[in-house]
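Right, one structure below, let's go through it.
Side-chain atoms are counted along with the backbone in the values below, which use heavy atoms only and exclude waters and symmetry mates.
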Amino acid sequence: MPSLTSHAVAFILRHSRKKAFASPENMQRWIAHARKRQSHLPPAWMTQRLDIRTTDVEGYPVYEIAPRAGAVKRILYMHGGAYVFEITSYHWALIAELAERTGYGVAVPIYPIAPEHDFHAMFGMVGAVYRRMLDENEAADIVFMGDSAGGNMAVVLTMMAAREGLPAPASHVLISPGLDMSLANPAIFELAEHDPWLDIPGGLEAIRLYGAGMDRADWRISPLYGDLSVLPRTLLFTGSRDLLSPDNLIFAEKARASGVDVEVVYGEGMFHVWPLIRMPEARLARDRMVDFLTADAARTAPRHEQETAGSSDASSPVRDAAE
């Protein structure tokens, strides 16, 4: 049963954020308002707990977030925001928690957003970030992670990398990704009235602004129609009150049929990007992310490290806790 907190959050979203998606005009007004107040800077509290440095890729900042002890494994985190809104404090809180709990470094590209920029500028920038990461890390040490529009970007970027002959990342973590913008699935229209956050008219306007005139069924816009066989092991979060959920479930089925290992965490009563919101269900979701990422790290560790870990004292408190 959904928590009281989740019900309260859904109520607030329905009477605030959903308005942005109610019409094209509302979306334009919300974008104009956001440009006056949004900032991509990490919050000050993060600098006290983590190492943060800023690099530049094609004229845009990339924040490199790492635990104090340094990191070998890395996450390329692509934030959501319908391709038109900047990164938020909710994203930074999740990024910080994952860096601290997993020991991964997190690269956070502040990619160009619409309507000032379009698909080509966005993927030109994040593609350059990934190529630079491959100069510094093995692909097996990199995870693509994204929420909403950022989840779409993670999947599309992997497909684009495959076409360029670049290796895929070790895995994906996708939070409420937008994977089919064609509106071919009638189930999303049925869910729209029950979704406390998203709606179709404003969503279509955001897609128009960033889509560079491409067909919405093009795999670069709707990766559900791309070559899913190139994707890595995937952890996908979706919720029963998210209008994107029906397409997420179809994606999982098609990906599995293409030989991809996909785990779906389906939040009954949960809405769009619920793991980012501070509530009991999100804590459980983040625990699952950490388990997935740490298992991924163990899977790709050098053989001698795995053997060392396997020969540890049988009375290990970590082992005892797991048992």
Side-chain angles (χ1 to χ4, degrees), residues 9 12-13 16-17 20-21 30-31 34-35 37-55 57 60-67 71 74-102 104-114 122 125-126 129-130 143-155 157 172-178 197-198 206 210 235-239 242 244 265 267 270-279 281-283 285-290 292-293:
V9 171
I12 293 168
L13 289 170
S16 57
R17 296 296 181 92
F21 291 88
W30 276 69
I31 292 170
R35 291 296 179 273
R37 60 184 178 84
Q38 285 190 316
S39 169
H40 59 69
L41 294 173
W45 60 262
M46 285 183 64
T47 63
Q48 301 170 7
R49 292 163 41 181
L50 295 156
D51 287 326
I52 302 177
R53 62 186 179 92
T54 310
T55 59
V57 173
Y60 296 93
V62 179
Y63 292 103
E64 300 282 354
I65 314 297
R74 296 173 75 189
I75 296 169
L76 174 55
Y77 193 100
M78 286 159 276
H79 70 83
Y83 314 98
V84 297
F85 297 116
E86 198 53 87
I87 192 169
T88 70
S89 60
Y90 296 101
H91 297 109
W92 286 123
L94 175 62
I95 288 164
E97 181 174 338
L98 292 176
E100 290 179 323
R101 294 182 64 186
T102 67
Y104 277 63
V106 188
V108 186
I110 305 302
Y111 57 85
I113 54 179
M122 293 179 195
M125 190 268 183
V126 296
V129 172
Y130 183 46
V143 174
F144 283 1
M145 185 170 183
D147 65 281
S148 193
N152 169 291
M153 295 177 73
V155 177
L157 184 58
H172 282 170
V173 178
L174 310 176
I175 305 170
S176 303
W197 192 331
L198 302 181
Y210 100 98
L235 175 64
L236 187 154
F237 294 85
T238 193
D242 184 348
L244 301 180
V265 178
M270 292 297 101
F271 41 81
H272 191 58
V273 299
W274 51 276
L276 271 70
I277 311 299
R278 186 171 294 181
M279 56 188 192
E281 293 84 355
R283 288 198 295 272
R286 294 181 185 198
D287 288 345
R288 182 66 201 103
M289 291 177 201
V290 171
F292 180 87
L293 292 168

Criterion side-chain contact (heavy atoms from CB on, under 4.5 Å) on N152 and Y83, from CA distance to verdict: CA-CA 10 Å; N152 169 291; Y83 314 98; 3.1 Å; yes
Test side-chain contact (heavy atoms from CB on, under 4.5 Å) applied to W197 and V273, step by step: CA-CA 10 Å; W197 192 331; V273 299; 3.5 Å; yes
Test side-chain contact (heavy atoms from CB on, under 4.5 Å) applied to E97 and R283, step by step: CA-CA 11 Å; E97 181 174 338; R283 288 198 295 272; over 6 Å; no
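When the options L235, I95, L98, V106 are evaluated for a side-chain contact (heavy atoms from CB on, under 4.5 Å) with M145, the one that passes is L98. When Y63, W92, Y111 are each tested for a ring pair (Phe, Tyr, Trp, His ring centres under 6.0 Å) with H40, only one passes: Y63.
Taking the six-membered ring where the residue is Trp, the centroids of H79 and F85 are separated by 6.0 Å or more.
A donor-acceptor pair under 3.5 Å is formed between the side chain of Q38 and the backbone N or O of E86. A donor-acceptor pair is defined here as one N or O able to donate and one able to accept, closer than 3.5 Å; such a pair exists between the side chain of D147 and the backbone of G80. Checked by atom type and distance alone, the side chain of R17 never pairs as donor or acceptor with a backbone atom of L198 at under 3.5 Å.
Aromatic ring pairs are classed by plane angle as parallel below 30°, tilted from 30° to 60° and perpendicular above 60°; the pair W274 and F237 is perpendicular. The aromatic rings of H172 and F144 sit parallel to each other, their planes meeting at less than 30°, with 60° as the upper class boundary.
Nearest heavy-atom pair across L50 and P67 is CD2-CA, 3.8 Å. Contact detail for T54 and P61: the closest heavy-atom pair is CG2-CB, 3.9 Å. Taking all atoms of both residues into account, the shortest heavy-atom contact from L94 to L276 is CD2-CD1, 3.9 Å. Nearest heavy atoms, G151 versus L174: O-CD2, 3.8 Å. Of all the heavy atoms in A96 and M46, the pair that sits closest is CB-CE, 4.0 Å. The shortest non-hydrogen separation linking V9 to F271 is CG1-CZ, 3.5 Å.
With a 4.5 Å cut-off on side-chain heavy atoms, P112 and Y60 count as touching. In this structure the side chain of I175 reaches within 4.5 angstrom of the side chain of M289, judged on heavy atoms. Between R74 and E64 the shortest side-chain heavy-atom distance falls below 4.5 Å. Looking at V173 and I75, their side chains never come closer than 4.5 Å, going by heavy atoms from C-beta outward. Between L244 and T238, the closest side-chain pair of non-hydrogen atoms is not below 4.5 Å. Within the 4.5 Å cutoff, the side chain of V62 has heavy atoms near those of the M125 side chain. Looking only at side-chain heavy atoms (C-beta outward), M122 and M78 stay at 4.5 Å or farther from each other. Annotation: side chain of I113 is not in contact with side chain of V84 (no heavy-atom distance under 4.5 Å).
A distance of 8.0 Å separates CG in L236 from OG in S176, rounded to the nearest 0.5 Å. Note that CZ of R49 is 11.5 Å distant from CD1 of I65, once rounded to the nearest 0.5 Å.
Residues passing the ring pair (Phe, Tyr, Trp, His ring centres under 6.0 Å) test with W30, sequence neighbours excluded: none.
Atom CZ of R53 sits in a sparse spot, with 12 or fewer heavy atoms from other residues, nucleotides or ligands closer than 6.0 Å.
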